[in-house]
Amino acid sequence: MLTFPSLEDALKHYFGYDTFRPGQKKIIEAALQNKDLLTIMPTGGGKSLCFQLPALLRQGITIVVSPLIALMQDQVDALQDNGINATYLNSTLQYEERRDRQIAILKNQVKLLYVAPERLLNERFGLFLDRVQQDVGISAIAIDEAHCVSEWGHDFRPEYSRLKQIRQRYPRIPLQALTATATKRVRKDIVQQLNLRSPDVHVASFDRSNIHYEVEPKDRNIYRKLLRAIKTESGAGIVYCLSRNRVDEVATRLKRDGIGALPYHAGLSDQERSRNQTSFLRDDVQVIVATVAFGMGINKPDVRFVFHYDLPRSLESFYQESGRAGRDGEDSKSILFFSLGDYGKVKFLINQKPDPSERKIALQQLSQVIDYAEGNDCRRKIILGYFGERYPGNCGKCDNCLNPKLIEDWTEEAQKFLSCVARCQEKFGTNHIVDVLVGSRKQKIHQYGHHLLSTYGIGKGRTADEWKMLGRSLVHQGLVGQTTDGYPTLKLNKRSWEVFRGQLKVEVAIDKSPGKTTATYNPRKAEAELLFEKLRKLRKQIADHNSLAPYMIFADSSLKLMAQLRPKNITEFANLSGVNEYKAQQYGDRFISTILEFNEQHKLPVSLPSKSQMATLQLHQQGLSIKEIAAQRGFAVSTISNHLSELMEMNQPVALNKLVIADKQQEIIKAIEQFGDLSLKTIRDALGENYSYSEISLVRGWWRSQKQQS
Ligand code: ADP
Ligand code: ZN
């Protein structure tokens, strides 16, 4: 067994990555201390590595319990393509094959063994495992998709609930449970059912920082809009529709318009479904058009976009579905196409449900989707708010952040609204409160005597829509509570009282629909994209030749690095994140010669980022703030901020909006244009204390990159 000076070195050696994703290192350290673990991370957070790396660094073999045969094969293929000894045992194998694998295991040649839960618990396999434990040693048992043990989860599997027998049989082997579903109830169940021993619990943020959220109005030209949106994407994507008919219709039209697209829904034969899925995994087609039946069992990390052509059922399902984009951490897009007409249709369908409590829940879930679609606040804030996570500031990446609406002070309105909630005894939802405020004559108002309240009609100065917008915003900002057990009732909380007392100012974002910001043409970036496309083609050829999915050869992020840094030899190539020595040897030559050939035809960009700058860029792209990057890398904040401004000057993709708020950007640009870009101090003196050197230098980096192009 190899030993390494640091965990980072081991990470680079086995997986080729330079840095850990948030949370991974802590979890791996705990695993290496043989602790029981419960890891909760969103899709794409990088859960697998949390048991794979420890498995490679310990004596013996790690058993991985995984519910789906397809996923098992997928992970094993990817590990083997990294030169790692992993294997699986399941019912698809012939007797001989199974025997060979068992022999290899007993000879201590395998570090990770994947099995389905029912196999783990069968008598005969139990005897085999006993021998493994005796001869080789079992270093840990990892239980993937651990929420399957809970009847409260959405994916209960009876075989999983028998897994506690494992703990009884091997009380000393550490257990590591992993899942992406995060309700507290399910979490508790996992600990109990699996009998975890005072486990280290790691809950990662549910923010998917690389996903850009957008909502597009859906009108008669919706199909054209969809087509245009797909045409601007070069990577793979999923289009979700509500019905099978719609799936077939959209897939056919896309095909006719020259997009490689295939349908996927429960009405197709098993064979056709699995064929279409494979075509998608291997990038033979760009788009899969699907009902929500698609996606549970697939693990394609380089899905670049997920578009919702129809309204999702709940915000939770929207989050899970859109979350199938960008598991590899690269920038990806989610667009929800939304119309009030759809809303009416879905509401009508829900109202047909006979069971009143089911109806109540469905309506509430629908209203959360509407809150998201019609909300003016940062979309990320809205989504995370529903998972009980408060997102500080704005994300700078969603449509609402990029095309911000006017911010107005609505404290007085908020006080009226909240006082109306109080007068209605905190027993009603937003719609009713708004009806009271605008002095509606609805029967319900009279029935409760609310036309007699002092707040009746005090909001006539604004429209009902404006009041509803305020109500939504108060909920998103946590300035009023909303029950989640059926009918959404507004409840005052501590912060509501602060608003009453005038201790909290309430600001809301008003949509005045300014023109959309358009991306500027950037020749150097265009060149990198051209090379990226060439490398993608090469990757596809190699993948086809080896019957693998392209992402298993190299992740998109590694291809991007190749295009940005253009390594000239194997050493430089092996240095790239995502490339380990094994892969450099397997594929390096072919990629390097494509790059060199490209260099011949195009001249090299003037300056390329250093390795350290690239490491900063990667963490920035993962959504870490400047402070967080500095802490993680052990550098001064000013160094990181310099990296980012230099990266911008080199036309690397830094999200300035995430670093400096839009208003300040404009002021700084004005000052630069007035005083020149040479002296930060002059600019700072002109702008005053409110502007930090770091903010000024960041905006200057961006400004210079724009200058170079003009
Ligand atoms: P999850 O199971 O949490 O959905 P995975 O374990 O499948 O996520 O990881 C998602 C993707 O992220 C995979 O393509 C994986 O190779 C990649 N990944 C994991 N850890 C890292 C890392 N430290 N740096 C870069 N990529 C990573
Ligand atoms: Zn945002």
Side-chain angles (χ1 to χ4, degrees), residues 7-8 10-12 14-25 27-28 39-53 64 66 71 74-75 78-79 81-82 84 142 144-146 178-181 202 204 206-215 295 298-303 320 323-330 332 334 372 375-385 391-405 476 509 549-558 560-561 576-580 615 618-619 621-623 632 655 657-658 661-662:
L7 279 179
E8 279 80 4
L11 176 70
K12 176 70 189 164
Y14 288 112
F15 296 94
Y17 300 129
D18 289 343
T19 49
F20 286 104
R21 293 260 182 87
Q24 283 179 330
K25 191 170 175 183
I27 296 167
I28 291 167
T39 297
I40 294 151
M41 269 190 195
T43 306
K47 283 185 285 300
S48 328
L49 202 88
C50 297
F51 57 82
Q52 289 169 346
L53 191 61
V64 185
S66 171
L71 284 187
D74 216 56
Q75 287 217 0
L79 285 166
D81 196 50
N82 268 321
I84 292 167
D144 209 359
E145 314 291 350
L178 306 103
T179 176
T181 4
H202 294 264
F206 270 64
D207 179 21
R208 299 291 312 280
S209 62
N210 59 319
I211 299 184
H212 299 231
Y213 296 99
E214 244 178 68
V215 177
I298 84 145
N299 194 348
K300 184 173 168 58
D302 53 355
V303 172
Q320 298 293 350
R324 292 181 185 133
R327 296 172 74 123
D328 56 6
E330 290 295 291
S332 306
S334 151
Y372 171 80
N376 287 330
D377 299 304
C378 169
R379 307 260 184 226
R380 200 174 301 279
K381 207 184 204 120
I382 301 177
I383 296 178
L384 291 174
Y391 186 81
N394 286 331
C395 79
K397 273 185 172 178
C398 69
D399 52 352
N400 281 347
C401 285
L402 288 172
N403 301 298
K405 301 171 182 151
H476 299 155
Y551 68 80
M552 288 186 188
I553 308 290
F554 285 120
D556 280 5
S557 58
S558 304
K560 260 189 206 155
L561 287 174
L576 298 177
S577 184
V579 181
N580 65 6
Q618 266 174 23
L619 294 173
Q621 288 178 321
Q622 283 174 22
Q632 178 155 343
N657 285 338
K658 176 103 216 204
I661 60 168

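These values consider heavy atoms only, across backbone and side chains, with no hydrogens, waters or symmetry-generated copies. In each ligand, atom 1 is the first atom listed, and ligand 1 is the first ligand listed.
Heavy atoms of Phe20 found under 4.0 angstrom from ligand 1 belong exclusively to the backbone.
Looking only at heavy atoms of the protein, atom 23 (N) of ligand 1 is closest to Thr19 O, 2.9 Å. What sits closest to atom 11 (C) of ligand 1 on the protein, heavy atoms only, is Arg327 O, 3.2 Å. Given atom 3 (O) of ligand 1, the protein heavy atom at minimum distance is Lys47 NZ, 2.8 Å. Closest protein heavy atom to atom 6 (O) of ligand 1: Ser48 OG, 2.6 Å. Looking only at heavy atoms of the protein, atom 24 (N) of ligand 1 is closest to Tyr17 CG, 3.3 Å.
No donor-acceptor contact under 3.5 angstrom links the side chains of Ser66 and Glu145, judged on distance only.
Nearby protein atoms of type N, O or S around the Zn ion (ligand 2) amount to 4 (distance under 2.8 Å).
Shown here for Gly323 and Arg208, the closest heavy-atom pair between the two residues is O-NH1, 2.8 Å. Closest heavy-atom contact between Gly375 and Asn400: O-ND2, 2.9 Å. Across Pro42 and Ala204, no two heavy atoms sit closer than the pair CD-CB, 4.1 Å. Taking both residues in full, the closest heavy atoms of Asn210 and Glu330 are given as ND2-O, 2.7 Å, listed atom of the first, atom of the second, then distance.
Scanning for side-chain contact (heavy atoms from CB on, under 4.5 Å) contacts around Asn82 gives Phe15, Ile84, Asn580, Lys583, with sequence neighbours left out. Scored by the salt bridge (charged side-chain N to carboxylate O under 4.0 Å, His left out) test, Lys300 finds Asp283, Asp302 as partners (sequence neighbours excluded). Residues satisfying the side chain to side chain donor-acceptor pair (under 3.5 Å) test with Arg380, not counting sequence neighbours, are Asp207.
Although no hydrogens or angles enter the test, the distance criterion places no donor-acceptor pair under 3.5 Å between the side chain of Lys25 and the main chain of Thr19. Panel note: side chain Arg379, backbone Cys395; no donor-acceptor pair is recorded below 3.5 Å. Here the side chain of Asn657 pairs no donor or acceptor atom with the backbone of Cys401 at under 3.5 angstrom. Not a single donor-acceptor pair under 3.5 Å links the side chain of Lys381 to the backbone N or O of Asn394.
Close N/O approach between Thr43 and ligand 1 is not found [any backbone or side-chain N/O within under 3.5 Å]. In terms of N/O distances under 3.5 Å, ligand 1 is approached by Gly46. In terms of polar-atom proximity, defined here as any N/O pair under 3.5 Å, Gly44 does make such a contact with ligand 1. Considering backbone and side-chain N/O atoms, Gln24 comes within less than 3.5 Å of an N/O atom of ligand 1.
For Asp144, the heavy-atom gap to ligand 1 stays at 4.0 angstrom or more. Residue Gly45 places a heavy atom under 4.0 Å from ligand 1.
Looking at heavy atoms from C-beta onward, Asp144 lies in side-chain contact with Gln75 at the 4.5 angstrom threshold.
Heavy-atom contacts of Pro42 reach the following atoms of ligand 1: 3 (O) (cutoff under 4.0 Å).
At a distance under 4.0 Å, a protein heavy atom can be found next to atom 15 (C) of ligand 1.
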